[in-house]
A.B. asks: 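Structure incoming, see below.
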Amino acid sequence: MSDLKFEQKRSLSRLEAADQLTALAAALRKGGAVDLELGAGTLSLRIPEDLRSEIEIEIGDGEIELEIEFKWPTSPRRKAPSQVAAAPAKAPRRKTTPTAKAGRNSTAADGKNTERSATKTS
């Protein structure tokens, strides 16, 4: 069940519909706490900076139905924790490869055996 539901159905002229959309657009542009005049009453809303929208058009049974829907949470969203404040990830350790000892065969990167000779200096 929703916390509050306001629904108004009535016939209006094209100019009245444009006036309602203009009032809604002004409220969206202003944001924050707004009062929206709807027919005989006033609807007070808190409109945040970011919201979700959906536009739906249905054609059938000799009518066109246009729905414009805006959604936003009833309470302000919490900001995600900053990545800067999080502990930095440890860098992976590099694998060290043993160096070939002098005088022994070793395998080069291309897979060929290479022979190293040690020269002794006195």
Side-chain angles (χ1 to χ4, degrees):
M1 180 181 264
S2 64
D3 294 336
L4 170 74
K5 183 172 183 173
F6 173 86
E7 190 169 328
Q8 182 182 64
K9 293 183 181 184
R10 65 185 178 115
S11 294
L12 50 140
S13 70
R14 188 182 72 230
L15 291 177
E16 290 171 321
D19 289 343
Q20 273 193 352
L21 289 173
T22 300
L24 177 60
L28 288 169
R29 187 171 308 281
K30 179 183 173 192
V34 297
D35 293 328
L36 188 57
E37 301 292 328
L38 294 174
T42 301
L43 181 63
S44 298
L45 293 170
R46 180 199 56 82
I47 302 176
E49 283 296 313
D50 296 314
L51 38 100
R52 297 182 314 272
S53 73
E54 180 180 329
I55 297 177
E56 184 178 324
I57 299 173
E58 290 182 32
I59 301 173
D61 297 328
E63 289 185 328
I64 296 175
E65 181 179 333
L66 169 64
E67 291 183 26
I68 302 171
E69 181 176 285
F70 296 104
K71 290 183 180 184
W72 60 88
T74 56
S75 60
R77 291 184 185 202
R78 298 165 125 190
K79 290 185 179 180
S82 171
Q83 297 237 352
V84 175
K90 290 184 179 180
R93 289 187 178 175
R94 291 186 181 176
K95 259 190 174 177
T96 57
T97 56
T99 57
K101 292 186 180 179
R104 295 201 176 175
N105 289 345
S106 64
T107 304
D110 60 2
K112 296 179 181 176
N113 283 335
T114 58
E115 211 173 288
R116 293 188 183 177
S117 60
T119 53
K120 218 177 196 185
T121 55
S122 305

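In what follows, every heavy atom counts, from backbone to side chain, and hydrogens, waters and symmetry copies are set aside.
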A.B. asks: Any pair with a residue in residues 19-28 that passes side-chain hydrogen bond (donor to acceptor under 3.5 Å, both in side chains), sequence neighbours left out, goes on the list, sorted by first then second residue, please.
C.D. replies: none

A.B. asks: Suppose the criterion is salt bridge (Lys or Arg N to Asp or Glu O under 4.0 Å): which pairs have a residue in residues 59-74, not counting sequence neighbours?
C.D. replies: E69-K71

A.B. asks: Can you list the residues that meet the side-chain hydrogen bond (donor to acceptor under 3.5 Å, both in side chains) rule with S11, with sequence neighbours excluded?
C.D. replies: none

A.B. asks: Can you list the steps and then say if W72 with I47 is a side-chain contact (heavy atoms from CB on, under 4.5 Å)?
C.D. replies: CA-CA 8 Å; W72 60 88; I47 302 176; 3.9 Å; yes

A.B. asks: Please assess E54 against F70 for the test side-chain contact (heavy atoms from CB on, under 4.5 Å), listing each intermediate value before the final yes or no.
C.D. replies: CA-CA 7 Å; E54 180 180 329; F70 296 104; over 6 Å; no

A.B. asks: Test of understanding: with side chain to side chain contact (heavy atoms under 4.5 Å, CB included), list the residues that count as partners of I59, not counting sequence neighbours.
C.D. replies: I57, I64

A.B. asks: Any side-chain heavy-atom pair from L66 and I55 closer than 4.5 angstrom?
C.D. replies: yes

A.B. asks: Hey, are the side chains of K30 and L28 touching, using non-hydrogen atoms and a 4.5 Å cut-off?
C.D. replies: no

A.B. asks: Not counting sequence neighbours, which residues clear side chain to side chain contact (heavy atoms under 4.5 Å, CB included) with E49? List them please.
C.D. replies: none

A.B. asks: List the residues meeting side chain to side chain contact (heavy atoms under 4.5 Å, CB included) with S44, not counting sequence neighbours, and say none if there are none.
C.D. replies: D35

A.B. asks: Taking only distance into account, with no hydrogens and no angle test, what donor-acceptor pairs under 3.5 Å do side-chain atoms of residues 36-43 form with protein atoms, sequence neighbours excluded?
C.D. replies:
{"unit_1": "E37", "atom_1": "OE1", "unit_2": "T42", "atom_2": "OG1", "d": "3.1"}
{"unit_1": "E37", "atom_1": "OE2", "unit_2": "T42", "atom_2": "OG1", "d": "3.2"}

A.B. asks: With sequence neighbours left out, what residues match L21 under side chain to side chain contact (heavy atoms under 4.5 Å, CB included)?
C.D. replies: none

A.B. asks: Is the closest side-chain heavy-atom distance between E16 and R14 below 4.5 Å?
C.D. replies: no

